[in-house]
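Below: the structure, in structure tokens.
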Amino acid sequence: MRVVVTGAAGFLGSHLCDHLISKGHAVIGLDNLITGATRNIEHLAGNKDFQFIKHDVTEYIFVSGSIDAILHFASPASPVDYLEYPIQTLKVGALGTHKALGLAREKDARFLLASSSEVYGDPLVHPQREDYWGNVNPIGPRGVYDESKRFGEALAFAYHRTHGVDTKIARIFNTFGPRMRSGDGRVVPNFITQAIAGKPLTVYGDGKQTRSFCFVSDLVEGIYRLLVSEVNDPVNVGNPREMTILDFASKVAELTGCGSDIVFEPLPVDDPKVRQPDISRARELLGWEPKVLLEDGLKATIDYFKGTV
Ligand code: UDP
């Protein structure tokens, strides 16, 4: 396939480019580099199967030649980033998804949207199944991300129903691994860089809120299986192993061997209290489930940050 990846220089986008190239596909990567970084794709420079175009996908996307698939991964993705870029976040989820879908329609290509567990907001159903409609505060600070992903899903479905575009929707749960940006503010880079620097780990709230962390290699395999499947309904892609943020802090402290203390800081507004994917649909329709143990993924991520911080 000849594939376009938006957000190619981001954490997930860059791993996806690697995965697609390893499967024998040619990739055209687009990114405006506001939260992505060229160092995430510099190892692909000179690769005949990779081309990078610096472009803001909220503007018209022009790609010559035939395209078989478009994966729309462009977006600020950490709460800190989307609070810094609220309007760009809404624009890339709305206008960017529109442009990427327009390209898919024009090229008769399949389309995959990187959606999010944030479409479930602060969920009242636990674990979250795809048929749960969510509990989102549209005007809260996180609403810019949550609503942009919800709008993106609605637009993808409209293109599917109206124009017959073969659209796929991956609802991605917390994912971690090498190439996360050390300053992106998410819990994984924060705790690891704090522990390595011998600083206390910043737990927000009482730390009893839960998350379920998926290693990036599992995630990209799930995305790939969804892309090549015939499924058009949304599919949760994540690791169902759930833990409190306090337990996660202990795990990071233990694996870094830094024995860090914990300091409690205020909980961000609308921070979801629980989050765990129900992955029955992915298991059944894609034959996919995560394989990498949290501990093994964390060790690889700690090694990455030790080399870069
Ligand atoms: N969190 C924390 N300390 C940090 C960063 C985040 O306790 O330094 C908490 C945050 O409040 C949330 C969870 O960790 O409950 C996951 O946060 P993250 O920003 O990684 O992503 P989210 O799952 O909220 O989108």
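Note that the structure is a prediction, hence the values are computed from the model and not measured. For ligands, and for the atoms within them, numbers begin at 1 and follow the listed sequence.
- A search for side-chain hydrogen bond (donor to acceptor under 3.5 Å, both in side chains) contacts involving Arg211 returns Asp271, not counting sequence neighbours.
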Exercise answer, ligand 1 polar atom pairs (N/O) under 3.5 angstrom:
residue  : atom   : partner : partner atom : Å
ligand 1 : 3 (N)  : Thr202  : O            : 2.5
ligand 1 : 7 (O)  : Tyr204  : N            : 2.8
ligand 1 : 8 (O)  : Asn190  : ND2          : 2.8
ligand 1 : 8 (O)  : Thr202  : O            : 3.2
ligand 1 : 8 (O)  : Thr202  : OG1          : 2.9
ligand 1 : 8 (O)  : Tyr204  : OH           : 3.4
ligand 1 : 11 (O) : Asp271  : OD2          : 2.7
ligand 1 : 15 (O) : Gln209  : NE2          : 3.0
ligand 1 : 15 (O) : Arg211  : NH2          : 3.3
ligand 1 : 15 (O) : Asp271  : OD1          : 2.7
ligand 1 : 15 (O) : Asp271  : OD2          : 3.3
ligand 1 : 20 (O) : Val187  : N            : 2.8
ligand 1 : 23 (O) : Asn174  : ND2          : 2.8
ligand 1 : 23 (O) : Arg211  : NE           : 2.6
ligand 1 : 23 (O) : Arg275  : NH1          : 2.8
ligand 1 : 24 (O) : Arg142  : NH2          : 3.0
ligand 1 : 24 (O) : Arg211  : NH2          : 3.2
ligand 1 : 25 (O) : Arg142  : NH2          : 3.2

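- Applying the side-chain hydrogen bond (donor to acceptor under 3.5 Å, both in side chains) criterion to Ser117, with sequence neighbours excluded, gives Arg275.
- Salt bridge annotation for Arg181-Asp81: present, with a cationic side-chain nitrogen under 4.0 angstrom from a carboxylate oxygen.
- Using cut-offs of 30° and 60° for the angle between ring planes, the Tyr120 and Phe173 rings count as tilted.
- In this structure, Arg150 pairs ionically with Glu147, as a charged nitrogen and a carboxylate oxygen lie closer than 4.0 Å.
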Could you pull out all donor-acceptor pairs under 3.5 Å where a side-chain atom in residues 93-103 meets a protein atom, sequence neighbours excluded?
residue : atom : partner : partner atom : Å
Thr97   : OG1  : His72   : NE2          : 3.2
Thr97   : OG1  : Gly93   : O            : 2.5
His98   : NE2  : Tyr159  : OH           : 3.3

